[in-house]
Amino acid sequence: MPDPHTTALPICRTCGTQYGAPRQDCPVCLDERQYVGAEGQQWTSLAGLRADGHQGRFEEEGPGVMGIGATPAFAIGQRALLLRTASGNVLWDCVPHLDDEIVEQVHALGGISKIAVSHPHFYSAMVDWAHAFDAPVYLHEADRQWVGRPDPALRFWSGRTHDLADDLVLINPGIHFPGSAILHWSAGEGALFTGDVVNVCPDRRWVTVMYSYANHIPERPHAVRAAADLLGGYRFERIYGAWWNRVVTSGGNEVLERSVERYLRFEEGIPEGV
Ligand SMILES: [Zn+2]
Ligand SMILES: [Zn+2]
């Protein structure tokens with residue numbers, strides 16, 4: 001259960017990041033990859049979200065993958081994914097909301113043994129989630145500066161890859177954020193969990209990458225090429241994106257390859273068909 005003390009901690013209404021103490025501004029929103037809303041900086045808290053009527057939303061997003069978010073949606077509409085793996089449940093990404101009912105439902109699904117987060121836009125209330133399920137949170141060292149609520153539950157990894165389990169590896173593709181992470185699950189036909197580090201497009205036959213989605217700033221071509229090379233070393237049929245139903249259900253490797261090709265064609269100004 002969330003500790004009564006932490007239910008009062010400030011949560012940014014625009015990005016959903018929870019901070020360990022009250023503050024004037026939200027560094028995540030001041031960054032050029034996010035934004036401060038026209039009304040200025042606005043705060044709430046877990047108690048505030050509850051009072052506003054937000055509740056947990058659970059929906060299966062794929063085989064062995066349960067989506068967890070909030071209804072009505074909050075902040076950037078974060079949804080996390082609970083992976084039912086051979087070595088225990090892993091929570092991929094996190095959400096700003098948590099209440100007793102959500103804790104109960106997740107326990108009924110077997111709890112959480114590990115949490116891993118793609119990048120700061122999904123740090124949200126990760127420390128409360130870690131405490132509620134007694135699970136460590138794996139973050140890339142290169143994004144440590146964005147942690148709003150330091151805690152012993154946070155484990156920082158470094159380098160290009162980090163094994164989370166026999167069939168789970170965290171990959172640092174170096175796009176969107178220097179410490180961004182993508183999770184590869186090799187079980188079955190293989191799946192990639194990308195958050196919006198690699199964003200699944202609405203038609204689900206394409207993906208794309210951006211340095212800033214909010215401000216429409218493209219990612220640098222050399223970084224995109226390097227990320228595609230790194231991810232191409234893994235086999236995956238499915239790609240789970242950041243939002244509800246944004247899931248590529250087949251041909252994942254091929255989708256990534258032709259999407260990166262299309263992106264670079266426009267980004268580098270090469271005429272179509274050449
Ligand atoms: Zn914010
Ligand atoms: Zn993001």
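- The side-chain heavy atoms of V65 and W185, taken from C-beta on, include a pair separated by under 4.5 Å.
- Using modelled atom types, one side-chain atom of S180 and one backbone atom of I175 make a donor-acceptor pair closer than 3.5 Å.
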Worked check of salt bridge (Lys or Arg N to Asp or Glu O under 4.0 Å) between R50 and E101
CA-CA 11 Å; R50 178 90 196 199; E101 288 75 18; 2.8 Å; yes

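- Looking at N172, its side chain never comes within 3.5 Å of a backbone N or O of S158 through a donor-acceptor pair.
- Taking the charged nitrogens against the carboxylate oxygens, R258 and E254 do have a contact shorter than 4.0 Å, which makes a salt bridge.
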Applying ring pair (Phe, Tyr, Trp, His ring centres under 6.0 Å), run through W43 and Y19 and close with a yes or a no.
CA-CA 10 Å; W43 297 103; Y19 290 90; 5.8 Å; yes

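- A 6.0 Å sphere centred on CD of E39 holds no more than 12 heavy atoms belonging to other residues, nucleotides or ligands.
- Checked by atom type and distance alone, the side chain of Y35 never pairs as donor or acceptor with a backbone atom of T14 at under 3.5 Å.
- With rounding to the nearest 0.5 angstrom, the OG atom of S113 is 10.0 Å from the CG atom of L83.
- Counting heavy atoms from C-beta outward, H97 and I102 have side chains that approach closer than 4.5 Å.
- In this structure, the side chain of D163 does not engage the main chain of A165 through any donor-acceptor pair within 3.5 Å.
- Proximity of a side-chain donor or acceptor of K114 to a complementary backbone N or O of L164 within less than 3.5 Å is detected.
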Begin with the C-alpha distance, continue with both residues' side-chain angles, and end with the deciding distance and a verdict on ring pair (Phe, Tyr, Trp, His ring centres under 6.0 Å) for H140 and H162.
CA-CA 9 Å; H140 196 281; H162 179 81; 9.5 Å; no

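- Between the CD atom in E59 and the CE atom in M66 there is a gap of 9.0 Å [rounded to 0.5 Å].
- Under the 6.0 Å cut-off for aromatic ring centres, Y213 and H216 do not qualify, their centroids lying 6.0 Å or more apart.
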So S118 and D93, side-chain hydrogen bond (donor to acceptor under 3.5 Å, both in side chains) or not? Walk me through it.
CA-CA 6 Å; S118 60; D93 272 335; 2.8 Å; yes

Begin from the C-alpha positions of Y211 and H176 and carry the test side chain to side chain contact (heavy atoms under 4.5 Å, CB included) through to its verdict.
CA-CA 4 Å; Y211 174 73; H176 192 35; 5.7 Å; no

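- For the atom pair L49 CG and D99 CG, the distance stands at 9.5 Å (nearest 0.5 Å).
- When side chains are defined from C-beta on, I115 does not count as touching Y138, because their heavy atoms never get closer than 4.5 Å.
- The backbone N or O of C15 lies less than 3.5 Å from a partner atom in the side chain of Q78, making a donor-acceptor pair.
- The shortest distance between side-chain heavy atoms of V255 and V207 falls below 4.5 Å.
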CA sep, side-chain torsions, deciding dist, call: R33, N215, side chain to side chain contact (heavy atoms under 4.5 Å, CB included):
CA-CA 7 Å; R33 282 158 288 204; N215 301 310; 5.9 Å; no

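- The aromatic ring centroids of H184 and F193 lie 6.0 Å or more from each other.
- For Q42, the CD atom counts as densely surrounded, since its 6.0 Å shell holds more than 12 non-hydrogen atoms of other residues, nucleotides or ligands.
- Taking the centre and axis of the six-membered ring of W244, the NZ or CZ atom of R57 falls inside the cone set by 45° and 6.0 Å.
- Between the side chains of D196 and H119, at least one donor-acceptor pair of N or O atoms lies under 3.5 Å.
- More than 12 heavy atoms of other shown residues, nucleotides or ligands fall within 6.0 angstrom of atom CD in Q105.
- A salt bridge does not link R262 to E267: none of the charged side-chain nitrogens sits closer than 4.0 Å to a carboxylate oxygen.
- Y240 does not carry R246 over the face of its six-membered ring by the limits of under 6.0 Å from the centre and within 45° of the normal.
- Contact record, G195 with W92: N-NE1, 3.9 Å, taken as the closest heavy-atom pair.
- In this structure, E61 pairs ionically with R79, as a charged nitrogen and a carboxylate oxygen lie closer than 4.0 Å.
- Residue D166 qualifies as open at atom CG: its count of foreign heavy atoms under 6.0 Å is 12 or below.
- Under 3.5 Å, the side chains of Q18 and D128 contain a donor-acceptor pair of N or O atoms.
- Few gaps surround CG on D203; more than 12 heavy atoms of other groups in view lie less than 6.0 Å from it.
- Between the T194 side chain and the V197 main chain, no donor and acceptor come within less than 3.5 Å of each other.
- With respect to R144 and E141, a salt bridge is recorded, a charged nitrogen being found less than 4.0 Å from a carboxylate O.
- L91 has its side chain out of reach of V137: every pair of non-hydrogen atoms, C-beta onward, lies at least 4.5 Å apart.
- The CG atom of L82 sits 4.5 Å away from atom CG of N89, with the distance rounded to the nearest 0.5 Å.
- When atom types are taken as modelled, the side chain of S124 and the backbone of F122 share a donor-acceptor pair closer than 3.5 angstrom.
- At least one donor-acceptor pair under 3.5 Å links the side chain of S212 to the backbone N or O of E32.
- Aromatic ring centroids of F177 and H121 lie under 6.0 Å apart.
- With respect to R23 and D25, a salt bridge is recorded, a charged nitrogen being found less than 4.0 Å from a carboxylate O.
- Between G111 and F133, the shortest heavy-atom contact is CA-CD2, 4.4 Å.
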